[in-house]
There are 2 protein chains.
Amino acid sequence: MSPRQFAISAADVRSAARTIAGVAVRTPLLEYRFLNEGVGGRVLVKFEGAQIGGSFKFRGAYNRLARIAEADRGKGVVAWSSGNHAQGVAAAARMLGIPATIVMPADAPAMKLANTRALGAEVVTYDRATQSREEIAVQLAHERGAVLVPSFDDPHIIAGQGTCGLEIMAQATDAGATIGQVLVCCGGGGLVAGIATAIRDVQPDVAIRSVEPAGFDDTARSLASGRREGVEAGAVSICDALLTPMPGELTFPINRALLAGGLVVSDDEVRFAMRYAFEVMKLVVEPGGAVALAALLAGKAPAVHGATVVVVSGANVDAALFAEAIAAR
Amino acid sequence: MSPRQFAISAADVRSAARTIAGVAVRTPLLEYRFLNEGVGGRVLVKFEGAQIGGSFKFRGAYNRLARIAEADRGKGVVAWSSGNHAQGVAAAARMLGIPATIVMPADAPAMKLANTRALGAEVVTYDRATQSREEIAVQLAHERGAVLVPSFDDPHIIAGQGTCGLEIMAQATDAGATIGQVLVCCGGGGLVAGIATAIRDVQPDVAIRSVEPAGFDDTARSLASGRREGVEAGAVSICDALLTPMPGELTFPINRALLAGGLVVSDDEVRFAMRYAFEVMKLVVEPGGAVALAALLAGKAPAVHGATVVVVSGANVDAALFAEAIAAR
């Protein structure tokens, strides 16, 4: 199967790594003896909360924005996002001197709204129940002649997120570990597609699995059926970062070809993982960032030879929700 | 000034590093663009929350326990601790197959009591107001023929904590940073003495500063007066890990010779630092682990050429206290 049929190749991820080198954070790959003992195998935790903007999203955003021609930067960029892509785009735009406008749900976490504004972006809010963020963003971009920056269905975005996979491989080697599987959160599927492209190019025997919240298991069902399935109407989840309605046009072909399957976790399993991360790992993790850990702790990831890598993808969570999640019960 | 007059030398720290290699965690040295911008200089954060037992204490405990002769291990070890040394000793003892008894205050954080027991140690509680933990521990050790493991005033403990300083130097070099100063929490002074011994042996121009909570500023005052000063009776602080009454007999001569001075922070400054760590750094930090960051954020650390290293020394904090600290106000 030729990589040419996909939106990106491993070479694109390596190119993205050169673009973000010295700008993005090389986030730590952590190991906890207590977690290893509990799971009965070696677990490596890639902590993207330490990335600029508090999630992996800066990787793709910077890789995308850095490729806008100098002459086109003045007109700015427009993106829509529940909050993490917003912060990634805002941070990258500020560094590159590009004006940024972000369309965000009015009910996005307060921290995500505040951080995006603090990074200098103009925030346009919309009502998730009655308005289409894509329409608002497309119209804004059209009016201003700005570049639209999708949150996952863009080759440079996917390639940028894939740099996380390159770091995982290098850091696992440094730790003397052989990777057996990688568990990655999945909204639109950009992060897992990028990671799968990067890792399976070098280590084709590694199983990459997407993890989604119950009710938003569109990628898991699409992987099972072989075609893009949408979420059922009316689903709710605390994983505000992963409420994507359908796999991406560009991400799904990659994920269909490269993933070993999709796992699904409940909000209670997510809360348990957030509490575990607080108590044992001493990390702040947002709900959407905790799904891969939740799948592991709930025993939903198959046993594998080699280490299981868990990507903790983001940590932008309001204090009240975090306090509720970590409270003993 | 010859190092022979001190309890340890830099060679002892290097020996400790060999002892804990492959056993202790090489904790990450993190950098946050937002923090650098806020402070107006480069800041590197050594996150000891990721260490076994959730604080730096495992370093010294393992280095001490590993040096107990095989023949003497069966009779066990006895330690006293408000909680972090307890967990460090319990974890090291379990790995080495040594029975551990820990004398802890009855009002220690619930997480610290629970974790110490979960690590297989026998916990003996005492009333801080009416009983002497040293007396209880000494008597227990005497009865059982066990080895007493002090929390700071022991050469192997100090040398073990110093391994944190060796890692800081190597990781700062990897990050392309030149260290200007290192801010380190201080209870009995073992961590800061070990770090100062390790770093100033190689980089004598680095300023090492202790940081203590207000009311427990015995090291700051002792550094100023040149002799060991005790705390005033009746002082209180949320920094449960740093309520030591007086600098150590072994640690203070080292700190007097090697430190650039002592900083002091209020409980409110500590809470602010915990909230900042939650919001910006995405790290769980306990009150005593946040004092160095608190001093930096409160503008109490002098401006220096080169990077400021902040040691975040521990993260064992009960959910209720953490929730209160991170709540917006």
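Chain letters run A, B, ... following the sequence lines, proteins first, then strands; residues in each count from 1. Hydrogens, waters and symmetry mates are skipped; everything else that's a heavy atom, side chains included, is used. None of these values were measured; they are calculated from a predicted model.
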Which bit of [X] comes within less than 4.5 Å of chain B, counting heavy atoms only: side chain, backbone, both or neither?
| X | result |
| --- | --- |
| N316(A) | both |
| E37(A) | side chain |
| E31(A) | backbone |
| A50(A) | both |

key: Which atom of F278(A) lies closest to which atom of V317(B), heavy atoms considered   =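 So the two residues come closest at CZ-O, 3.3 Å.
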
Which atom of A319(B) lies closest to which atom of I326(A), heavy atoms considered =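 Smallest interatomic distance, heavy atoms only, reads CB-O, 3.5 Å.
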
Donor-acceptor contact present, side-chain K282(B) to main-chain V284(A), <3.5 Å =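 Answer holds: no.
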
request  = Against chain B, work out which of L283(A), N115(A), V280(A) has the most heavy-atom pairs shorter than 4.5 Å and name it.
outcome  =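 Option with the top pair count is L283(A).
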
request  = Just give me the residue among Y32(A), F322(A), F47(A) that pairs up with chain B most often, heavy atom to heavy atom, under 4.5 Å.
outcome  =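 Sorted descending by pairs with chain B, the first entry is F322(A).
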
inquiry  = Out of R94(B), E286(B), M281(B), return the one with the most heavy atom pairs under 4.5 angstrom to chain A.
reply    =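 Maximum pair count with chain A is reached by R94(B).
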
request  = Enter the distance from R26(B):CZ to D174(A):CG here, rounded to the nearest 0.5 Å.
outcome  =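 Between atom CZ of R26(B) and atom CG of D174(A) there are 9.5 Å.
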
